[in-house]
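Presented below is the structure to which this report refers.
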Amino acid sequence: MTNTTAAPTRDDRDMNRLMSLMTGDEKHSPAATSTLDALWVLYDRVLRVAPGTVDAPGRDRFLLSKGHGPMAYYAVLAAHGFFGEELLPGFGAYDSPLGHHPDRMLVPGVEIGSGSLGHGLPLAVGSVLGLRAQGLTDPRVWVLIGDAELDEGSNHEALAYAGPAGLEQLHTVVIDNASSSYARPGGIAARFEAAGWSVGSVDGRDHEALYAAFTAPHPGQPRAVVARVDPKD
């Protein structure tokens, strides 16, 4: 797939327009829109990756585990110039690279193929360990997961490992839109804290709060940010 030479939008006020270009019966709009603000802040102000550095060893890695609702992800990538917005209306079509689940072989900037219960957290742990094995201790690995994904055992195993292992390069954003099947004593944040993570809990629509939580120091610990989003919002 070839990148466009058109200038990126780089304005979050244009996100509704970009999102509206993607249609279809299986677009999972609530799953997508719940991630939009966190994704925007990450790509606009936090992640050290750009269209020209998608293969650079020193880039930050972003893994979308919540891959069954990728509309917001595609809109943010298009806005930042990873591909042209003219591809957005073809979302989900047979001949479109923008599938209902993102494909790392087809979409520039996508690090993993993912979907419902994409198990991105264990993949992110493995990515950090792989970077360490190569002597790359500066690139950060970010993974965005949904609260319901934490019902899956592999995510708990990764969560329990990362804290004691001191995986400081690892950052997890949990979109909490109250879709989880099972309650957790003390809530999601308490689960991460008990495993030795640095944790922040914020309004998932507040860009300044998200940025502060994403950039908070956490020496010697992985970082988790629980972004609360009203499912009716």
Side-chain angles (χ1 to χ4, degrees), residues 35 38-39 41-50 53-67 73 102 104 109-115 117-176 180 182 184-202 204 209-228:
T35 70
L39 286 168
V41 174
L42 281 172
Y43 273 91
D44 201 55
R45 303 172 64 180
V46 178
L47 289 172
R48 298 172 298 184
V49 64
T53 62
V54 292
D55 295 317
R59 73 188 185 280
D60 286 346
R61 276 76 168 167
F62 173 78
L63 315 183
L64 182 70
S65 185
K66 190 177 166 68
Y73 187 35
R104 70 181 185 88
V110 171
E111 297 279 356
I112 60 170
S114 60
L117 299 176
H119 302 294
L121 184 52
L123 288 172
V125 168
S127 296
V128 171
L129 295 176
L131 290 169
R132 283 187 171 188
Q134 298 172 72
L136 297 171
T137 58
D138 188 49
R140 300 166 300 187
V141 176
W142 289 80
V143 58
L144 187 149
I145 67 177
D147 57 332
E149 288 186 88
L150 290 175
D151 292 345
E152 294 293 314
S154 64
N155 291 296
H156 281 281
E157 291 173 3
L159 191 161
Y161 172 82
L167 300 187
E168 186 176 341
Q169 289 167 266
L170 177 61
H171 304 75
T172 299
V173 182
V174 183
I175 302 298
D176 181 8
S180 178
Y182 304 107
R184 296 172 184 83
I188 294 172
R191 174 68 183 90
F192 281 89
E193 288 172 346
W197 289 58
S198 166
V199 183
S201 186
V202 298
L210 285 165
Y211 177 73
F214 291 163
T215 57
H218 51 97
Q221 293 178 290
R223 175 71 171 166
V225 175
V226 181
R228 303 181 306 275

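Heads up: numbering here begins at 1 and tracks the sequence.
- Within the 4.5 Å cutoff, the side chain of Tyr73 has no heavy atoms near those of the Thr35 side chain.
- The distance from the CG atom of Leu63 to the CG atom of Leu123 is 6.5 Å, given to the nearest 0.5 Å.
- Listed by chain and residue number, His171 satisfy the ring pair (Phe, Tyr, Trp, His ring centres under 6.0 Å) test with His218 (two or more places apart in sequence, or in another chain).
- Counting only distance, with no hydrogens or angles, the side chain of Thr53 and the backbone of Arg59 share no donor-acceptor pair below 3.5 Å.
- Across all non-hydrogen atoms, the minimal contact from Gly186 to Ala190 is O-CB, 3.5 Å.
- Residues Pro57 and Leu136 share a closest heavy-atom pair of O-CD1, 3.9 Å.
- Between Glu157 and Pro122, every side-chain heavy-atom pair lies at or beyond the 4.5 Å cut-off.
- Counted within 6.0 Å of CZ on Arg104, heavy atoms from surrounding residues, nucleotides or ligands total 12 or fewer; the atom is thus considered open.
- Panel note: side chain Arg223, backbone Ala213; a donor-acceptor pair is recorded below 3.5 Å.
- One finds the OG1 atom of Thr172 at 9.0 Å from the CG atom of Asn155 (value rounded to the nearest 0.5 Å).
- The nearest pair of heavy atoms linking Val110 to Pro102 is CG1-CB, 4.1 Å.
- Leu159 has its side chain within reach of Leu121: a pair of non-hydrogen atoms, C-beta onward, lies under 4.5 Å apart.
- In this structure, Arg228 and Ser201 approach most closely via the heavy-atom pair NH1-OG, 2.8 Å.
- Applying the side chain to side chain donor-acceptor pair (under 3.5 Å) test to pairs two or more places apart or on separate chains, those with a residue in residues 124-147 are Asp60-Arg140, Asp147-Ser179.
- Taking each heavy atom of Gly196 and Gln221 in turn, the nearest pair found is O-NE2, 3.0 Å.
- At a threshold of 4.5 Å between non-hydrogen side-chain atoms, the residues Leu131 and Arg61 count as touching.
- With Lys66 as the partner, the side-chain contact (heavy atoms from CB on, under 4.5 Å) test is satisfied by one option alone out of Leu144, Val174, Ile145, Leu39: Leu144.
- Listed for the Ser65 side chain is a donor-acceptor partner under 3.5 Å among the backbone atoms of Gly120.
- Phe192 pairs by the ring pair (Phe, Tyr, Trp, His ring centres under 6.0 Å) definition with Trp197, not counting sequence neighbours.
- Nearest heavy atom pair, residue Ala160 against residue Arg191, reads CB-NH2, 4.3 Å.
- Contact check for Val49 versus Phe62: no side-chain heavy atoms found under the 4.5 Å cut-off.
- Rounding to the nearest 0.5 Å places NE2 of His156 at 6.5 Å from CG of Asp151.
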